[in-house]
Amino acid sequence: VSGKREFDEDFFEELEEILVQGDVGVNTALELVDRLRDAVKEQKIKETERLYQVLEQSIVEMLGEDQPLNVGAKPSVIMVVGVNGAGKTTTIGKLAHQFKDQGKRVIIAAGDTFRAAAIDQLEVWANRVGTQIIKHQEGSDPAAVAFDAIQAARSRNADVVIIDTAGRLQNKTNLMKELQKVHRVINREDPAAPHEVLLVLDATTGQNAISQAKVFKEAVGVTGIALTKLDGTAKGGVVLGIANELKIPVKLIGVGEGVEDLRPFDAEEFARALFA
Amino acid sequence: GLAEKLQGTFQKLKGKGKLSEADVKKAMREVRLALLEADVNYKVVKDFVSKVQERAVGQEVLKSLTPAQQVIKIVNEELTNLMGGEQSKIKIASKPPTVIMLVGLQGAGKTTTAGKLANVLRKQGRRPLLVAGDIYRPAAIKQLQVLGEQLDLPVFSLGDKQSPVNIARAAVEHAKNHGNDMVIIDTAGRLHVDEELMQELSDIKENVEPDEILLVVDAMTGQDAVNVAQTFNEQLGLTGVILTKLDGDTRGGAALSVKAVTGCPIKYAGVGEKLDALEPFHPDRMAGRILG
Ligand SMILES: Nc1nc2c(ncn2[C@@H]2O[C@H](COP(=O)(O)OP(=O)(O)OP(=O)(O)O)[C@@H](O)[C@H]2O)c(=O)[nH]1
Ligand SMILES: Nc1nc2c(ncn2[C@@H]2O[C@H](COP(=O)(O)OP(=O)(O)OP(=O)(O)O)[C@@H](O)[C@H]2O)c(=O)[nH]1
Ligand SMILES: [Mg+2]
Ligand SMILES: [Mg+2]
């Protein structure tokens with residue numbers, strides 16, 4: 001869509017519709033369109049290509065600078081959290097593979113001791129990727145698994161420990177308390193750990209994602225988001241509201257079910273895709 | 001929620017005296033916002049609000065002493081009607097076994113729901129057979145087998161080297177020979193835009209002619225719910241929907257979107273991780289939840 005045109009109210013409403021359909025949320029969409037309307041007036045914008053540039057720029061600004069994972073420490077401890085079915089276990093498999101490719105020694109911890117075959121699932125990934133896995137019996141204390149994994153990381157000279165946790169809905173107070181216990185145990189072992197608390201968020205999720213980010217952040221201090229299933233038709237626009245309100249950066253995106261289907265987040269690409 | 005917002009809107013409007021049609025149209029903005037915030041699809045909201053507006057500019061609202069309450073009443077009625085009466089009945093085959101196929105996106109809750117559904121059917125006096133049709137996801141077969149053990153219900157599997165079509169056919173044969181009158185086929189999660197995997201579902205359907213093809217949808221799904229439901233419905237012909245993770249605090253507007261775009265009844269609601277956490281879907285309760 002390029003060329004010159006009068007940007008009337010219908011045009012701005014269409015833009016608002018596209019944003020909302022991308023799960024950006026009504027308030028954030030209105031904020032972006034209002035800013036754009038002002039920019040069009042001030043800068044006397046007459047061409048659609050210029051207008052989309054300005055809009056993409058304000059989206060990129062809202063998302064904040066692209067930030068890498070905090071893996072400077074040795075061992076770096078990454079705790080992976082999120083609601084049921086978001087893609088945590090699969091993302092851990094992909095991430096372990098990525099670190100291995102970088103020549104790092106990785107340990108993954110089967111911290112979901114509850115769900116049927118959760119440990120088996122992570123074990124398949126460990127074998128696929130060629131990393132060590134720390135696991136206990138099904139039904140055991142997830143905090144004990146985390147503790148065990150950090151000890152193993154130290155004694156085996158690992159560079160990264162990635163800790164899987166069971167999916168949980170953020171309104172389940174007792175489950176959020178359990179997660180806090182895992183966090184406490186990790187933190188007691190190393191006051192700088194976990195160095196990264198990755199919230200795994202399904203791109204098909206609607207506005208409830210804001211509440212997910214808020215509650216998980218309050219509970220265990222989320223430092224980054226892995227946005228999964230972007231290979232579908234959902235846009236994941238909820239991360240705009242999350243960046244705006246909670247300042248949590250998106251660090252990774254999942255684009256498929258294979259071991260290579262993990263990429264660093266690119267704000268400009270993401271902004272462009274909202275209008276594709 | 002919406003009730004309070006409408007009260008506020010109508011207080012301001014009534015302050016000027018008699019309510020006009022234009023005033024009611026202003027109030028519709030609150031309804032629209034509430035539905036969008038609840039994740040109801042943008043286009044579904046447009047159609048729904050214009051329906052509500054048609055009724056709301058009638059005398060029942062304009063002449064009412066409590067116009068806000070009248071509008072809420074209309075919205076609730078329209079929502080409940082749209083989402084359909086309670087119909088959690090599984091369509092039973094004239095000649096057993098009844099074959100049920102669960103389909104949907106990755107992580108929606110199909111495998112867990114398969115176990116829950118088998119549990120419900122057993123309590124209704126049926127003899128269900130669970131079928132491990134996901135040959136792709138790591139430990140998917142094991143997951144269903146563990147659920148089967150927990151329920152003390154049989155799980156049919158040919159391992160992960162046989163095609164899901166072959167597994168489904170063999171399962172139905174097995175059911176006939178072992179007196180299982182219900183067959184519940186768990187399938188792998190897939191994207192509605194994955195042509196190959198969508199074709200696989202069509203192939204399974206062609207081969208075992210399911211009596212029910214149920215789309216399993218995560219209640220927290222956003223605007224994309226419409227695309228997913230529409231595509232699955234066009235390619236397979238759905239007979240129903242199961243909404244999962246309703247024990248969360250999402251408003252669940254996806255329920256309205258899915259129903260509006262497919263016309264399929266939402267038969268069950270998943271309300272927890274345990275195998276007893278499946279209830280019949282209550283459209284009136286859902287309406288209240290969506291409105292917030
Ligand atoms: N298409 C697609 N599927 C994905 C992606 N990430 C994960 N999945 C799939 O989503 C489903 C759920 O993934 P899991 O890794 O089991 O999710 P989880 O968060 O660990 O689930 P729980 O432990 O049960 O809470 C699986 O079928 C994965 O293959 C992605 O980026 N794209
Ligand atoms: N709280 C809650 N969790 C649920 C519900 N239904 C399923 N889950 C959880 O959601 C996650 C995904 O469930 P699965 O049954 O593995 O989903 P799936 O659709 O089979 O996933 P794929 O096979 O990978 O596509 C698991 O952690 C389940 O325990 C529900 O109604 N409430
Ligand atoms: Mg998992
Ligand atoms: Mg499954």
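Taken from CG in A:Asp23 to OH in B:Tyr42, the straight-line distance is 13.5 Å, to the nearest 0.5 Å. Distance check: B:Gln106 CD to A:Thr228 OG1 gives 9.5 Å after rounding to the nearest 0.5 Å.
In this structure, B:Lys245 and A:Asn84 approach most closely via the heavy-atom pair NZ-O, 2.9 Å. Contact detail for B:Ala139 and A:Ala117: the closest heavy-atom pair is O-CB, 3.9 Å. Nearest approach of B:Pro138 to A:Arg128, heavy atoms of both residues: CG-NH2, 3.9 Å.
Taking a cutoff of 4.0 Å between a charged side-chain nitrogen and a carboxylate oxygen, B:Lys46 and A:Glu17 qualify as a salt bridge. Contact check on B:Asp224 versus A:Lys235 returns no salt bridge, with no Lys/Arg side-chain nitrogen under 4.0 Å from an Asp/Glu carboxylate oxygen.
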**Request:** Begin from the C-alpha positions of A:Glu16 and B:Arg32 and carry the test salt bridge (charged side-chain N to carboxylate O under 4.0 Å, His left out) through to its verdict.
**Result:** CA-CA 14 Å; A:Glu16 187 196 309; B:Arg32 179 175 166 272; 3.4 Å; yes
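For A:Val26, the part lying under 4.5 angstrom from a heavy atom of chain B is the side chain only. Residue A:Val238: no heavy atom, backbone or side chain, is found under 4.5 Å from chain B.
Checking side-chain atoms of B:Lys142 against main-chain N and O of A:Asp120 turns up no donor-acceptor pair under 3.5 Å.
No hydrogens or angles considered: a donor-acceptor pair under 3.5 Å links the side chains of B:Asp249 and A:Asn208.
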